[in-house]
Protein chains: 2
Amino acid sequence: MRIGELAARAGTTTRTLRYYESRGLLAARRTDNGYRSYDEADLRLLQQIRTLQDFGFELEETRPFVDCLRAGHPAGDTCPASLAVYRRKLAELDALIGELGAVRAQVGAELARAEVMAAAEIPGGPEPRCELSPEATGGPRSEGMTR
Amino acid sequence: MRIGELAARAGTTTRTLRYYESRGLLAARRTDNGYRSYDEADLRLLQQIRTLQDFGFELEETRPFVDCLRAGHPAGDTCPASLAVYRRKLAELDALIGELGAVRAQVGAELARAEVMAAAEIPGGPEPRCELSPEATGGPRSEGMTR
DNA sequence: TCTTGCCTTGACGCCGACGTAAAGGCTTAC
DNA sequence: GTAAGCCTTTACGTCGGCGTCAAGGCAAGA
């Protein structure tokens with residue numbers, strides 16, 4: 001199987017496969033004319049990588065799984081190093097979810113507070129408008145960044 | 001107040017302030033010698049930006065808050081555009097937390113399954129090892145990427 | 001023979017929020 | 001006078017995971 005077919009079967013692109021190869025994952029044999037040649041085992045390797053990528057694993061984190069499969073294991077995640085990556089990822093996910101939950105609570109509180117303030121601000125009168133007045137808008141923003 | 005002092009008081013760097021200026025946030029006056037000059041209102045603008053950045057807001061998302069403050073509002077988040085950003089961010093956070101929760105569950109399940117498989121794999125005998133054998137390691141990985 | 005459609009390598013582009021270096025000007029202290 | 005410590009602009013580097021273009025080689029069908 002050549003690179004285009006493998007990419008199509010894995011739902012990715014040839015660029016991605018060459019990139020993986022450049023990173024030392026997913027090595028390919030070569031045919032006489034220099035074309036990359038893959039087999040079903042490579043497809044399984046690739047699927048393992050893609051699955052982990054979909055979970056948000058970095059490429060380097062997929063290496064133990066790939067090594068595990070290449071060592072002849074039927075599954076890439078039964079090796080100790082792979083299990084360690086799983087556990088580390090779970091801890092990272094828990095930490096991240098916790099932080100995001102805290103942020104969510106904070107933002108929610110800020111929104112509630114701001115809504116009250118906005119409601120209390122309007123009835124008084126239309127003193128300060130939220131849209132910038134022309135002289136305050138045109139000046140500073142027009143400078144720089146022609147790029 | 002010059003740029004160094006403002007940066008220090010806001011707990012950031014001069015590079016960051018110049019970057020904000022280049023993006024059209026936080027415009028600065030200039031002294032006779034060309035130095036940037038800031039006042040307490042600029043500090044409040046900067047603090048608003050930094051707070052939102054800490055929450056994970058992108059710079060562009062802070063613009064309504066900055067505009068709101070510059071329009072003369074005592075708080076940057078009472079303007080409709082700011083409230084809209086808050087609400088959109090809450091929705092994004094909820095979606096992200098949900099996705100991460102799903103991923104966490106998936107990875108947790110994979111880990112549990114892999115642990116069982118690993119336990120069932122070992123007692124049979126040390127057939128496939130997780131460490132790659134030398135001939136399988138040296139070849140493919142040594143090529144390319146001298147960069 | 002020519003076109004089509006694969007394949008090859010090499011190399012630059014992208015995104016966001018800056019870090020960091022280079023080269024030079026201003027001010028104050030000694 | 002000169003050294004220190006601010007400040008100025010310009011511009012390249014970072015990180016991850018590729019996208020995209022360029023220039024050319026190989027194989028097969030009309």
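The sequence lines fix the lettering, A, B, ..., with proteins before strands; numbering per chain opens at 1.
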Any donor-acceptor N/O pair, Thr14(A) side chain to Ile3(A) backbone, under 3.5 Å: no
Would you mind reporting whether Tyr20(A) and Leu46(A) have side-chain heavy atoms less than 4.5 Å apart? yes
Pairs under 3.5 angstrom, nitrogen or oxygen only, protein versus nucleotides 5-8 of chain D, please.
{"residue": "dC7(D)", "atom": "OP1", "partner": "Gly4(B)", "partner atom": "N", "Å": "2.7"}
{"residue": "dT8(D)", "atom": "OP1", "partner": "Arg36(B)", "partner atom": "N", "Å": "2.9"}
{"residue": "dT8(D)", "atom": "OP1", "partner": "Arg36(B)", "partner atom": "NH1", "Å": "3.0"}
{"residue": "dT8(D)", "atom": "OP2", "partner": "Arg18(B)", "partner atom": "NE", "Å": "3.3"}
{"residue": "dT8(D)", "atom": "OP2", "partner": "Arg18(B)", "partner atom": "NH2", "Å": "2.6"}

What I'd like to find out is whether the side chain of Arg70(A) reaches to under 4.5 Å of the side chain of Leu45(A), using heavy atoms alone. yes
Is there a donor-acceptor contact under 3.5 Å from the side chain of Thr51(A) to the main chain of Gln47(A)? yes
Name the pairs: protein N/O against N/O of nucleotides 14-18 of chain D, kept only if under 3.5 Å.
{"residue": "dG17(D)", "atom": "OP1", "partner": "Leu59(A)", "partner atom": "N", "Å": "3.1"}
{"residue": "dC18(D)", "atom": "OP1", "partner": "Arg50(A)", "partner atom": "NH2", "Å": "3.2"}
{"residue": "dC18(D)", "atom": "OP2", "partner": "Tyr20(A)", "partner atom": "OH", "Å": "3.0"}
{"residue": "dC18(D)", "atom": "OP2", "partner": "Arg50(A)", "partner atom": "NH2", "Å": "3.2"}
{"residue": "dC18(D)", "atom": "OP2", "partner": "Gln53(A)", "partner atom": "NE2", "Å": "2.6"}

Under 4.0 Å between a side-chain nitrogen and a carboxylate oxygen: does that hold for Arg18(A) and Glu21(A)? no
Measure from CG on Asp32(B) to C1' on dG25(C) and round the result to the nearest Å. 15 Å
Salt bridge present between Arg88(B) and Glu92(B) (N-O < 4.0 angstrom): yes
Is a side-chain N or O of Asp42(B) found less than 3.5 angstrom from the main chain of Asp39(B), in a donor-acceptor match? yes
Taking Thr78(A) for its side chain and Met117(B) for its backbone only, find out whether a donor-acceptor pair lies under 3.5 Å. no
